[in-house]
Asks: 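I have a structure I would like to understand better, so I am pasting it below and will then ask my questions one at a time.
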There are 4 protein chains.
Amino acid sequence: MNTPIRVGIVGVSGYSGMELARIVAAHPALTLAWVVSDKWAGRALGDCLPVADPAAALTVRPQAESGEAFGSVDLVFLCTPAEVSLALAPKALDAGTRIVDLSGAFRLKAADYPRWYGFDHARPDLLAQAVYSIPEATGPDGAGSLRAARLVANPGCYPTASALAVFPLLRAGVIEPTGIIVDAKSGTTGAGRKATEEMSFSETDGDFRAYRVLRHQHTPEIERALALAGAPVGPVTFTAHLLPTRRGILATAYGRLRAGKTAADAAAAVQGFARGQAFVRAAKPDAVRLHAVVSTNRVLLGADADPERGIAIGFGAIDNLVKGAAGQAVQNANLMFGLDQTTGLLGLAGSTP
Amino acid sequence: MNTPIRVGIVGVSGYSGMELARIVAAHPALTLAWVVSDKWAGRALGDCLPVADPAAALTVRPQAESGEAFGSVDLVFLCTPAEVSLALAPKALDAGTRIVDLSGAFRLKAADYPRWYGFDHARPDLLAQAVYSIPEATGPDGAGSLRAARLVANPGCYPTASALAVFPLLRAGVIEPTGIIVDAKSGTTGAGRKATEEMSFSETDGDFRAYRVLRHQHTPEIERALALAGAPVGPVTFTAHLLPTRRGILATAYGRLRAGKTAADAAAAVQGFARGQAFVRAAKPDAVRLHAVVSTNRVLLGADADPERGIAIGFGAIDNLVKGAAGQAVQNANLMFGLDQTTGLLGLAGSTP
Amino acid sequence: MNTPIRVGIVGVSGYSGMELARIVAAHPALTLAWVVSDKWAGRALGDCLPVADPAAALTVRPQAESGEAFGSVDLVFLCTPAEVSLALAPKALDAGTRIVDLSGAFRLKAADYPRWYGFDHARPDLLAQAVYSIPEATGPDGAGSLRAARLVANPGCYPTASALAVFPLLRAGVIEPTGIIVDAKSGTTGAGRKATEEMSFSETDGDFRAYRVLRHQHTPEIERALALAGAPVGPVTFTAHLLPTRRGILATAYGRLRAGKTAADAAAAVQGFARGQAFVRAAKPDAVRLHAVVSTNRVLLGADADPERGIAIGFGAIDNLVKGAAGQAVQNANLMFGLDQTTGLLGLAGSTP
Amino acid sequence: MNTPIRVGIVGVSGYSGMELARIVAAHPALTLAWVVSDKWAGRALGDCLPVADPAAALTVRPQAESGEAFGSVDLVFLCTPAEVSLALAPKALDAGTRIVDLSGAFRLKAADYPRWYGFDHARPDLLAQAVYSIPEATGPDGAGSLRAARLVANPGCYPTASALAVFPLLRAGVIEPTGIIVDAKSGTTGAGRKATEEMSFSETDGDFRAYRVLRHQHTPEIERALALAGAPVGPVTFTAHLLPTRRGILATAYGRLRAGKTAADAAAAVQGFARGQAFVRAAKPDAVRLHAVVSTNRVLLGADADPERGIAIGFGAIDNLVKGAAGQAVQNANLMFGLDQTTGLLGLAGSTP
């Protein structure tokens with residue numbers, strides 16, 4: 001039997017951190033050594049969150065102690081805002097600890113930070129070192145470099161759904177690489193765990209709207225993910241919308257159909273891509289729905305095309321907190337440590353309604 | 001044609017204030033002279049809220065200006081926390097302005113404030129002067145005193161639904177006045193317009209729970225409402241629950257069936273009570289539902305009984321923001337100024353789904 | 001005082017019919033003479049639906065009696081499936097009664113019916129006679145012909161939202177007329193009042209998905225609406241999605257930005273279009289939301305553009321049952337009878353949450 | 001390693017059957033041998049439902065084949081209407097197969113069926129043989145008889161939540177055994193998987209109401225469960241309400257406080273009961289919420305009391321499809337076959353929002 005891989009989680013009281021603790025607590029090869037959250041500091045994790053033993057017995061530590069704790073684990077998950085991840089990552093690396101960062105701190109090129117994140121990136125050296133990984137897209141090479149990676153930039157929720165909705169169509173030459181539009185819709189947990197009036201139930205239930213139109217920071221990340229996957233594209237138009245539900249993202253992606261391509265080609269592109277992928281399933285477009293992916297690490301994809309309109313449409317559905325955050329983080333951690341990428345993730349079999 | 005009655009609203013940016021502005025703006029006999037809210041100060045009301053012209057053109061005033069504005073209106077609606085209402089009411093009365101207060105500031109006896117509201121009431125003289133009015137229950141006498149009232153304590157949402165669910169059964173002698181239990185469920189707007197994590201969509205959607213168990217401040221108000229209606233009762237057990245919907249209250253009330261009384265007596269009590277009441281309808285228990293009352297000033301009542309179990313059950317449904325707040329406030333204002341109590345309220349015909 | 005215009009409604013028990021009854025019952029110039037529904041036949045309308053008196057006292061008639069009733073009214077609203085409207089319209093016209101048809105029976109050219117509706121249109125003569133009217137877009141000419149129209153094809157919900165999201169950008173020359181994509185999302189009432197497992201709460205709550213991808217019958221209607229509005233376009237790509245909410249449509253429309261055009265041009269196009277329109281408001285893109293239009297006849301529009309991506313985005317929000325069905329039907333009826341188009345519709349002031 | 005226990009599921013396409021398939025597919029000691037559903041007959045289970053391999057590869061059989069299949073398994077779960085369970089149970093028993101029946105067919109005494117289920121029970125001999133088991137309440141004896149049981153009557157969802165909310169208070173002598181009232185609220189999946197207009201999203205979202213008032217068939221089952229648990233009670237008043245959410249039941253139970261008992265006694269009763277129970281947790285009343293139990297086999301209990309009002313209130317929350325159906329069925333199956341009762345159930349760690 002192998003030595004368990006010891007992990008820590010910083011930011012366990014946010015939605016991604018909570019979901020991560022739940023998955024890690026039930027993971028056969030990862031052992032949760034400590035968890036950090038100022039909000040829950042001093043309480044037993046099991047009193048804050050429904051996690052399995054023995055993780056439930058851990059006492060949550062304050063963030064001030066995270067630095068000294070880094071040395072005691074093999075891997076730390078940073079479920080923290082980008083600015084905090086930027087401050088903590090060097091400390092963890094100095095302590096010899098590998099990192100999966102769930103923030104946007106290490107996902108883009110340095111030049112993109114001022115426009116999309118509003119700050120100059122202080123550590124371009126770490127950016128150069130960070131491995132961005134959607135295993136199904138950035139693929140074998142990404143996975144190869146994951147084995148050696150010290151710092152993994154875990155993808156954002158929208159970019160995961162969006163890149164995976166588009167990538168099969170690009171890879172199969174069904175659509176042009178320019179003029180791609182992604183119209184995406186997310187549940188409310190994508191906005192994080194916040195106390196704001198606009199995210200209150202009274203304001204959100206029964207509502208639907210777009211937000212951060214043409215300014216969403218996930219726009220360049222979609223472009224980068226596709227480039228890293230070997231399918232470079234022109235500037236992508238991305239629109240985020242807020243759904244009156246808690247979990248799940250549906251990305252509806254539009255691409256210009258290449259001459260001679262058909263609806264059958266679009267469907268075949270998705271089916272071919274899904275084949276052999278543990279977490280990807282192909283479905284008819286109207287079966288690509290949130291219910292089929294919520295609480296799982298699955299990606300459900302579909303596609304159709306209309307030559308008369310010169311358009312192909314790709315659909316991608318994921319759970320924003322699992323495949324879009326914590327699940328993919330564990331999938332990446334599995335690959336970093338030479339485990340099967342599905343370890344601890346197939347049991348998340350989702351739920352009937 | 002009569003001179004319009006000029007009214008002001010303090011606290012227009014809360015849910016009750018918004019609903020009140022909407023109703024007053026379309027009211028044939030009330031004219032909205034000014035509205036006050038620090039949050040919206042300086043903006044046109046129509047930019048904050050979908051209200052009809054000319055109210056839409058009003059510029060919202062800061063709260064600091066409410067004092068000087070009192071003299072310019074015949075009636076002010078206070079949609080403010082109890083503490084603020086306590087501070088503003090004397091100023092309005094000094095300015096000769098009549099008041100409908102939507103807070104709990106003037107609903108109870110002085111002796112009840114320390115336990116249920118957590119403060120000593122500084123103005124028992126105003127409490128003595130205040131008229132508490134659920135027109136259907138506190139009835140002709142209440143309405144009579146409303147004509148002369150300077151200060152009306154508008155009932156709370158739960159007490160309105162609860163007292164009306166129970167009152168017909170008491171009035172008709174179907175249940176005993178002791179051992180009454182009200183199990184009530186409310187939509188989220190009942191909690192006001194707040195930025196808290198626990199009221200966020202992510203935390204509330206899909207959830208249901210009780211709150212303030214055995215400590216809710218509406219408990220003594222239910223008892224008082226029934227006493228004022230001529231149906232004094234023993235201590236009432238009241239439990240509030242939070243529904244994952246925005247609007248509406250359903251009160252399920254349990255009373256001890258008096259000897260010889262039957263299910264038919266319970267149903268007849270409600271039908272008899274509803275007869276001739278403009279806003280009250282009797283229905284079968286499973287038709288007493290939120291959809292039938294939301295966005296209206298209606299009260300839907302039903303009742304059943306089981307002699308084997310010695311129990312009668314009364315059901316009452318209202319919209320917490322209309323009959324439970326703004327609509328009843330206008331109903332009371334109508335009675336204060338000698339108008340038909342339904343003026344401006346029947347047009348709120350509710351909505352299909 | 002004018003003679004009231006007598007109207008009948010066939011199909012009053014569906015969601016559009018219910019909403020129409022509610023609006024007509026409170027309309028100052030229309031009088032509801034009769035209502036038809038097999039489902040509710042023999043019951044008082046007020047027992048089925050919260051409508052104002054005297055409409056509440058009407059006894060609902062079975063559909064078999066609708067033919068003989070046509071002659072007794074000036075106008076009939078057909079809230080029936082396309083096949084039923086096709087059968088009833090000739091009878092109503094023969095009886096000298098004018099028609100507003102809320103189905104798709106008279107909205108397209110005959111040649112479009114086999115592909116999009118699955119039947120050959122039996123009455124191309126009626127199609128030629130029918131006036132299709134979104135008053136804000138098909139505009140003065142449409143309104144002119146409405147004055148004389150015998151048969152008005154009331155637009156579909158998606159086409160209303162979609163055409164209005166796109167039209168200002170086309171009219172102002174901000175976007176090209178080709179390559180337009182509309183990604184639209186609707187509440188569940190858009191699917192009608194149905195007993196199906198897939199539309200059950202358990203299956204729909206928490207879910208989101210597209211449906212009828214590339215085959216939705218509203219696709220050619222959007223193209224036709226824009227052509228009739230004087231802005232002919234190439235084939236439009238249209239995708240419908242089902243939101244987990246009851247009411248409202250948001251259409252997010254993408255068009256190719258014309259050379260030299262900017263975000264300011266896009267915003268100005270919408271503001272210019274909204275000016276002077278009773279039901280249209282311009283807003284920032286993230287304020288174009290369902291809450292602002294639900295239960296009203298309003299259209300909320302917004303737009304933005306990104307020259308780097310060569311794209312403009314138009315947003316349009318409406319209530320699918322009001323501006324997308326019953327409200328627009330009354331707006332068209334107002335214009336048919338020489339009334340102000342807003343008569344009976346401004347009181348639908350919507351609701352706070 | 002032990003021989004796996006082979007099981008079959010009849011009625012796999014209903015909500016309880018789906019949940020059961022999901023749990024059994026991941027259970028370490030149960031092997032899913034076959035599944036039956038006319039609706040899904042001929043399809044691969046994995047195409048109908050997100051279940052783990054190898055269950056996903058099973059071909060769903062038509063119900064006509066269930067009889068012949070009984071002999072091939074050690075245990076069959078009947079997720080069928082009571083009438084169907086009554087017909088199938090004898091066949092399974094004849095084939096030597098043990099049964100966990102999730103319907104109401106074997107839960108009551110024969111005399112109770114005409115009034116509460118509307119039929120005369122044809123097999124009182126099977127009723128006499130059936131073991132009714134809520135392991136936490138009917139306890140060691142129940143578990144003992146489970147080891148030998150051929151036919152287990154799995155409790156209903158409401159009775160599980162209701163009996164467990166009340167039982168600790170009875171056991172500890174905090175409340176009287178007469179005059180107990182249970183006001184319960186359930187998500188929509190409790191109504192089963194149905195195509196009815198009243199259960200459609202458009203009719204249910206935003207609504208709340210009681211149903212089957214004083215006639216719900218779970219009423220006598222609550223009384224019987226408590227009697228079997230050693231806490232016989234007088235007739236219980238039970239009211240069911242429909243929540244606008246998919247999963248979860250909250251039972252709010254009222255009992256008459258015995259003289260001298262306090263709020264502390266009520267809380268202690270629940271804490272004492274929860275101690276050492278694998279699936280039961282004690283919490284403060286306002287923390288007994290659906291979010292804490294949905295998708296798990298947990299029971300969350302709380303209690304409070306008010307001597308002034310002579311009342312104690314017990315709260316119980318469960319997932320209606322897990323602890324209220326499929327999870328408890330597996331818990332009972334575990335006990336029937338000598339496994340730890342938690343086997344295959346602790347991994348259902350629930351979910352963050």
Side-chain angles (χ1 to χ4, degrees), chain A residues 178-181 183 185-187 200-215 219 234-250 252 254 256 263 284-292 294 302-306 308-311 313 315 317 352-353, chain C residues 178-181 183 185-187 200-215 219 234-250 252 254 256 263 284-292 294 302-306 308-311 313 315 317 352-353:
Chain A
T178 56
I180 292 170
I181 294 169
D183 191 281
K185 304 86 177 174
S186 173
S200 72
F201 185 89
S202 296
E203 299 292 322
T204 301
D205 181 56
D207 199 22
F208 183 71
R209 64 182 175 87
Y211 62 98
R212 307 196 71 176
V213 174
L214 291 172
R215 298 191 317 278
T219 306
V236 167
T237 298
F238 172 72
T239 312
H241 299 78
L242 185 66
L243 284 170
T245 190
R246 280 167 286 158
R247 279 173 176 248
I249 288 178
L250 182 75
T252 309
Y254 300 88
R256 294 175 185 167
K284 293 191 177 167
D286 61 2
V288 181
R289 58 193 288 185
L290 302 193
H291 270 199
V294 161
D304 204 341
D306 182 349
E308 180 189 348
R309 286 167 171 74
I311 202 90
I313 315 183
F315 296 89
T352 55
Chain C
T178 57
I180 292 171
I181 294 168
D183 191 281
K185 303 89 178 172
S186 173
S200 71
F201 185 90
S202 296
E203 299 292 321
T204 301
D205 182 56
D207 199 20
F208 183 72
R209 63 181 175 89
Y211 61 98
R212 308 196 72 175
V213 173
L214 291 171
R215 299 192 317 277
T219 307
V236 168
T237 298
F238 171 72
T239 312
H241 299 78
L242 185 66
L243 284 170
T245 190
R246 281 168 285 158
R247 280 174 174 244
I249 287 179
L250 183 75
T252 309
Y254 300 88
R256 293 173 186 168
K284 294 189 177 170
D286 61 2
V288 180
R289 57 193 289 185
L290 302 192
H291 270 200
V294 162
D304 204 341
D306 181 348
E308 180 190 348
R309 285 167 171 75
I311 202 92
I313 315 182
F315 296 88
T352 55

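Because the structure is predicted, anything quoted here is derived from the model rather than measured. All chains are named by letter (A, B, ...) in the order of the sequence lines, taking the proteins before the strands, and each is independently numbered beginning at 1. What's counted below: heavy atoms across the whole structure, side chains too, no hydrogens, waters or symmetry copies.
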Asks: Where on C:Ser200 is there a heavy atom nearer than 4.5 Å to chain A: the side chain, the backbone, both, or neither?
Replies: neither
Asks: Less than 4.5 Å apart, any side-chain heavy atom of A:Asp207 and any of C:Thr245?
Replies: no
Asks: List the atom of A:Leu243, the atom of C:Pro244, and the distance in Å for their closest heavy-atom pair.
Replies: CD2-CD, 4.5 Å
Asks: Output yes when a side-chain donor or acceptor of C:His291 lies under 3.5 Å from a complementary backbone atom of A:Asp205, and no otherwise.
Replies: yes
Asks: Would you compute the distance between atom CD1 of A:Ile181 and atom OG1 of C:Thr252 and round it to the nearest 0.5 angstrom?
Replies: 11.0 Å
Asks: Is C:Val213 close to chain A through its backbone or its side chain, or both, or neither, when contacts mean heavy atoms under 4.5 Å?
Replies: both
Asks: To the nearest 0.5 angstrom, please state how far the CZ atom of C:Arg215 sits from the CG atom of A:Asp306.
Replies: 11.5 Å
Asks: Please classify the contact between A:Thr219 and chain C as side chain, backbone, both or neither, with a heavy-atom cut-off of under 4.5 Å.
Replies: side chain
Asks: Report the residues that fulfil ring pair (Phe, Tyr, Trp, His ring centres under 6.0 Å) with A:Phe238, sequence neighbours left out, ordered by chain and then residue number.
Replies: A:Tyr158, A:His216
Asks: So which part of C:Phe208 gets closer than 4.5 Å to some heavy atom of chain A, the side chain, the backbone, both or neither?
Replies: both
Asks: Looking at CG of C:Asp286 and OH of A:Tyr211, how far apart are the two atoms once the value is rounded to the nearest 0.5 Å?
Replies: 11.0 Å
Asks: Using a 4.5 angstrom heavy-atom cutoff, name the option from A:Thr237, A:Asp304, A:Ile313, A:Leu242 with the most pairs to chain C.
Replies: A:Thr237
Asks: State whether the side chain of A:Arg209 and the backbone N or O of C:Leu290 hold a donor-acceptor pair below 3.5 Å, judged by distance alone.
Replies: no
Asks: Suppose we screen for ring pair (Phe, Tyr, Trp, His ring centres under 6.0 Å). Which residues come up paired with C:Tyr254, at least two apart in sequence or across chains?
Replies: none
Asks: Quick check on C:Ala292 against chain A: is it the side chain, the backbone, both or neither that has a heavy atom closer than 4.5 Å?
Replies: neither
Asks: Output the distance between atom NE2 (C:His241) and atom CG (A:Leu250), rounded to the nearest 0.5 Å.
Replies: 5.5 Å
Asks: Would you call A:Asp183 and C:Lys185 a salt bridge, taking side-chain N to carboxylate O under 4.0 Å as the test?
Replies: yes
